[in-house]
Asks: 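The following block contains the structure, expressed as structure tokens.
Read the numbers this way: they start at 1 and go in the same order the structure lists the ligands and their atoms.
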Amino acid sequence: MLRKKLIAGNWKMNKTPADGAALVAELVATVGKQTDVDVVVCPPFTALDAVAKVLDGSTVKLGAQNLHPEASGAFTGEVSAPMLRALFTTHAIIGHSERRSLFGETDAFINQKVLAALKNQLKPILCVGESLAEREAGTTLKVVQTQLEAGLQGVSKEQAAALVVAYEPVWAIGTGKVATTDQAQEVHAFIRGLLVKLFAEPVAQRVRILYGGSMKPANAPELLAQKDIDGGLIGGASLEARSFVELIRAAAAIK
Ligand code: PEP
């Protein structure tokens, strides 16, 4: 297989350091040595340190849910990429739809974050996706193209190899409504085509494109079997070891 599957858990604003450490202790005990699938957990900032300590020596990687583009300075309440690196973070979710809609993040700001992540050797998980109104208006591909191209401005071919893209239809996040495999694969293939135009074929073929939006053990096998679906960004089902492990196993079962 050209691209190893990647299963990333987005815990959002859930779990204290103790709760997070307990959850990853279960993950480490069950899937902490496997190498068939890349696994990343993204706790809230406050739990990163406790979770990093439990993950040490396992194959499970640590991600942040956000970062600020500047390295330091007068940005009250923010956390920078070098600070995250110092906590052994390797990935960062950037441009999640909740950041876009609830915190007013623009494509230009998201682009600065992507560049800051790459500059600091953090792998960005850049989220793109349309709202229900945009899907119903037939503008899904246009919306995704704008978000992707704007988010990746100034990213070099060399840097793009570290990139992960997550296609997350906003109407499917936390709603229990999952995109059909055809709907998801269509957008994933479209994103792959855009990546080919931006970075040429060899790099574009290496970039993992995750699906996110109510992915659960029951619907994951079919989604993960699609040609351009290289894993999942998982919200709700990542908050419990059992369902998250089932998703990892579902990804491992795809040959
Ligand atoms: C997400 O927030 O990235 C997500 C996909 O959430 P859920 O799995 O709960 O829909």
Side-chain angles (χ1 to χ4, degrees), residues 5-15 19-20 23 27 37-45 47-48 51 61-67 89 91-105 110 113-114 117 122-132 134-135 140 143-144 147-148 151 163-181 183-185 187-188 191 208-224 226 228-251:
K5 298 273 193 230
L6 168 61
I7 298 291
N10 174 14
W11 295 1
K12 310 193 187 192
M13 198 170 69
N14 293 292
K15 304 217 179 272
D19 294 340
L23 169 54
L27 295 181
V37 176
D38 286 334
V39 178
V40 181
V41 290
C42 304
F45 291 138
L48 284 171
V51 167
K61 300 262 189 312
L62 188 63
Q65 298 173 19
N66 185 24
L67 54 78
T89 304
H91 293 69
I93 298 172
I94 297 180
H96 189 278
S97 66
E98 287 151 18
R99 302 287 329 161
R100 293 175 188 265
S101 66
L102 302 175
F103 302 99
E105 292 195 6
I110 288 162
K113 295 181 184 215
V114 168
L122 283 173
K123 295 182 170 66
I125 303 175
L126 172 63
C127 301
V128 298
E130 82 289 0
S131 65
L132 185 58
E134 288 161 342
R135 175 158 285 271
T140 295
V143 168
V144 165
Q147 291 177 344
L148 191 84
L163 189 69
V164 178
V165 176
Y167 167 57
E168 299 207 303
V170 178
W171 48 271
I173 297 178
T175 58
K177 283 186 200 151
V178 65
T180 66
T181 49
Q183 283 172 328
Q185 169 56 27
V187 180
H188 281 237
I191 292 171
R208 263 93 57 98
I209 309 174
L210 313 183
Y211 169 80
S214 299
M215 193 186 260
K216 305 270 181 290
N219 57 36
E222 211 190 320
L223 286 160
L224 292 170
Q226 302 304 305
D228 290 292
I229 301 186
D230 306 314
L233 181 55
I234 319 296
S238 72
L239 293 174
E240 242 190 68
R242 199 212 283 207
S243 46
F244 196 57
V245 167
E246 274 188 58
L247 288 165
I248 295 163
R249 294 202 168 127

Asks: Any atoms of ligand 1 less than 4.0 Å from a non-hydrogen atom of His96? List them with their elements.
Replies: 1 (C), 2 (O), 3 (O)

Asks: At less than 4.0 angstrom from any non-hydrogen atom of Gly236, what atoms of ligand 1 do you find?
Replies: 7 (P), 8 (O), 9 (O)

Asks: To which protein heavy atom is atom 3 (O) of ligand 1 closest, and what is the distance rounded to 0.1 Å?
Replies: Glu168 OE2, 2.6 Å

Asks: Under 3.5 Å between any N/O of Gly213 and any N/O of ligand 1: does that happen in this structure?
Replies: no

Asks: Please name the pair of heavy atoms, one in Gln65 and one in Met13, separated by the smallest distance, quoted to 0.1 Å.
Replies: OE1-N, 4.5 Å

Asks: List ligand 1 atoms under 4.0 Å from Leu233, heavy atoms only on the residue side.
Replies: 3 (O), 5 (C)

Asks: List the atom of Thr175, the atom of Ser214, and the distance in Å for their closest heavy-atom pair.
Replies: N-OG, 3.5 Å

Asks: Which atoms from ligand 1 have a heavy atom of Gly212 less than 4.0 Å away?
Replies: 5 (C)

Asks: Taking N or O atoms only and a 3.5 Å limit, does Ile173 qualify as a polar contact for ligand 1?
Replies: no

Asks: Could you tell me the residue and atom name of the protein heavy atom closest to atom 8 (O) of ligand 1, and the distance to it rounded to 0.1 Å?
Replies: Gly235 N, 2.8 Å

Asks: Does ligand 1 have an atom under 4.0 Å from some heavy atom of Ala172?
Replies: yes

Asks: What are the two closest heavy atoms between Gly63 and Leu48, and how far apart are they?
Replies: O-CD2, 3.6 Å

Asks: Which heavy atom of Leu223 sits nearest to which heavy atom of Ala179, and what is that distance?
Replies: CD2-O, 4.0 Å

Asks: Give the minimum heavy-atom separation between Val144 and Gly129, together with the two atoms involved.
Replies: CG2-CA, 4.3 Å

Asks: State whether a side-chain donor-acceptor pair under 3.5 Å links Glu130 with Tyr167.
Replies: yes

Asks: Any heavy atom of Lys216 closer to ligand 1 than 4.0 angstrom?
Replies: no

Asks: Can you confirm, on distance only, whether ligand 1 has an N/O atom lying under 3.5 Å from any N/O atom belonging to Gly174?
Replies: yes

Asks: Please say whether Thr175 places an N or O atom under 3.5 Å from an N or O atom belonging to ligand 1.
Replies: no

Asks: Are any of the side-chain heavy atoms of Ile110 and Arg100 separated by less than 4.5 Å?
Replies: yes

Asks: Check contact between Ser214 and ligand 1, using heavy atoms of the residue and a distance below 4.0 angstrom.
Replies: yes

Asks: Could you tell me the residue and atom name of the protein heavy atom closest to atom 2 (O) of ligand 1, and the distance to it rounded to 0.1 Å?
Replies: Lys12 NZ, 2.6 Å

Asks: Looking at Glu105 and Lys113, is any side-chain nitrogen of the basic one under 4.0 Å from a carboxylate oxygen of the acidic one?
Replies: yes

Asks: Between Ser243 and Glu246, does any side-chain donor sit less than 3.5 Å from a side-chain acceptor?
Replies: no

